[in-house]
Amino acid sequence: MNEDARWSDLGPRVISAVVLGVIASISVYVGGAIFLAFECILVGLMVWEVARMFDASLPTALGILAAVMVGAAAALPVMLTLPLLAGASVVAASQAKEDRPLLFGAVLWISLGGLAFLFIREESGLLWLVWLILVVISSDVAGYFAGRWLGGPKFWPAVSPKKTWSGTVAGWIAAGVVGAFFSVKLANLWIIVPLSIAAAFAGQMGDIAQSAVKRRRGVKDSSNLIPGHGGVFDRFDAMLGAGVLVLLLKKIGLVEMVGL
């Protein structure tokens, strides 16, 4: 690959990332109803994209349904959360002609990921959510540049042909650095360093899982809503993977995320 082709998507990616970053930063900082609306919109757009990828009927209605269910789940007891989101996922899967279990899993994953960020912001505080977002972003950025500068063996070529071991490891290192910084901010909780690396790995697996879904459905991008990135699902797949892992560890008591 020549040098120009290797970096051809950098400009659009940077511009889109800046615009998204500003919108996301405002909603994350303000929290409350603003952040709830932001997350519900993201979930709705991602489910709309996935429904279109699977040629499901009524993709817009399914996106709206998922957004409403995530908003409702955020206000309900935890014991009702999974049944509610699973029910919406069943409805979405019923509208596809094939690969229904895969569509069910994708919609449930998206919904849980969106809800994870809402719970972390509400229950643990702004700083914990900022930590998680920066872990994923730093891992993604380090992986992007290291993979293109260093190249080398592919991480999982059958599923994600662009990902390299150099980029993967660089992502872990960057996440660990972010974790070390936040460990001081979060009362010297050094457990956050390995937790950051685990979250980065979960984000990378989320990216690979989404690539596998796209490969299965024969599409390059989930949509073309975000220049340089493809669709909303393309941009937030790693966030979903990391968010679900961190929320799971929090809920089963392996990680104490004290609100600040």
Side-chain angles (χ1 to χ4, degrees), residues 1 5-17 19-20 39-67 70 85 88-114 136-137 139-141 143-144 147-148 154-164 167-168 171 202-244:
M1 181 183 294
R6 182 178 298 178
W7 302 102
S8 61
D9 63 342
L10 182 58
R13 284 177 67 92
V14 170
I15 294 172
S16 298
V19 173
L20 278 174
E39 283 296 307
C40 289
I41 290 171
L42 288 182
V43 168
L45 288 173
M46 285 188 278
V47 170
W48 170 76
E49 290 176 339
V50 169
R52 292 173 70 247
M53 287 166 55
F54 282 79
D55 296 320
S57 303
L58 305 173
T60 301
L62 294 177
I64 294 172
L65 174 64
V70 167
L85 299 184
S89 302
V90 168
V91 172
S94 70
Q95 300 304 305
K97 296 180 180 179
E98 57 184 15
D99 288 331
R100 288 181 174 179
L102 188 57
L103 178 55
F104 169 86
V107 173
L108 183 59
W109 171 39
I110 291 169
S111 301
L112 285 173
V136 176
I137 291 176
S139 176
D140 184 52
V141 171
Y144 177 85
R148 282 158 176 73
K154 302 299 182 182
F155 180 77
W156 198 341
V159 177
S160 185
K162 290 185 178 181
K163 290 196 176 301
T164 62
T168 301
Q204 292 166 344
M205 291 300 98
D207 191 0
I208 287 175
Q210 196 250 16
S211 295
V213 171
K214 291 190 297 185
R215 184 172 291 269
R216 170 72 178 179
R217 298 304 303 168
V219 299
K220 181 179 182 295
D221 297 318
S222 59
S223 75
N224 59 358
L225 289 178
I226 307 176
H229 295 273
V232 180
F233 195 23
D234 295 314
R235 180 61 274 170
F236 288 95
D237 50 5
M239 291 284 183
L240 296 173
V244 170

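Heavy atoms only: backbone and side chains are in, while hydrogens, waters and symmetry mates are out.
- The residues D237 and K214 are annotated as not salt-bridged, no charged nitrogen and carboxylate oxygen being separated by less than 4.0 angstrom.
- To the nearest 0.5 Å, atoms CZ (R215) and CD1 (I208) are separated by 11.5 Å.
- Atom CG of L112 sits about 4.5 Å away from atom CG of L108, to the nearest 0.5 Å.
- Ion pair R217/E98 flagged as a salt bridge, since at least one NZ, NE, NH1 or NH2 atom sits closer than 4.0 Å to an Asp/Glu carboxylate oxygen.
- Here F54 pairs with nothing under the ring-ring contact (aromatic ring centres under 6.0 Å, His included) rule; sequence neighbours left out.
- S57 and L62 make their closest contact through O-CD1, 3.5 Å (heavy atoms, listed as atom of the first residue, atom of the second, distance).
- A donor-acceptor pair under 3.5 Å links the side-chain atoms of Q204 to the main chain of T168, judged by distance alone.
- For residues 88-114, every residue pair satisfying the ring pair (Phe, Tyr, Trp, His ring centres under 6.0 Å) rule, not counting sequence neighbours, is listed here: W109-F233.
- In this structure, M46 and L240 have side chains that are in contact, with non-hydrogen atoms separated by less than 4.5 Å.
- Side-chain contact between V213 and M53: present, with at least one pair of heavy atoms (C-beta onward) separated by less than 4.5 Å.
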Assess whether side chain to side chain contact (heavy atoms under 4.5 Å, CB included) is satisfied between K97 and D55, documenting all intermediate values. CA-CA 8 Å; K97 296 180 180 179; D55 296 320; over 6 Å; no

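- Note that CG of D221 is 5.0 Å distant from CG of D234, once rounded to the nearest 0.5 Å.
- Panel note: side chain R100, backbone A96; a donor-acceptor pair is recorded below 3.5 Å.
- The closest donor-acceptor contact from the side chain of E49 to the backbone of G231 lies at 3.5 Å or more, if one exists at all.
- Considering every non-hydrogen atom in both G114 and V43, the closest pair reads CA-CG2, 3.9 Å.
- Tested against L65 for a side chain to side chain contact (heavy atoms under 4.5 Å, CB included), the candidates T60, V91, V107, V47 yield a single pass: V91.
- The side-chain contact (heavy atoms from CB on, under 4.5 Å) test applied to A202 returns L245, not counting sequence neighbours.
- Here D99 pairs with R216 in a salt bridge; the nearest charged N to carboxylate O distance falls below 4.0 Å.
- Counting all heavy atoms, side chain and backbone alike, L103 lies closest to A92 at CD2-O, 3.4 Å.
- Here E39 contributes atom CD and L42 contributes atom CG; the two are 5.5 Å apart, rounded to the nearest 0.5 Å.
- Interatomic distance, R52 CZ to S223 OG, rounded to the nearest 0.5 Å: 6.5 Å.
- From D140, atom CG reaches atom CG of D207 across 7.0 Å, with rounding to the nearest 0.5 Å.
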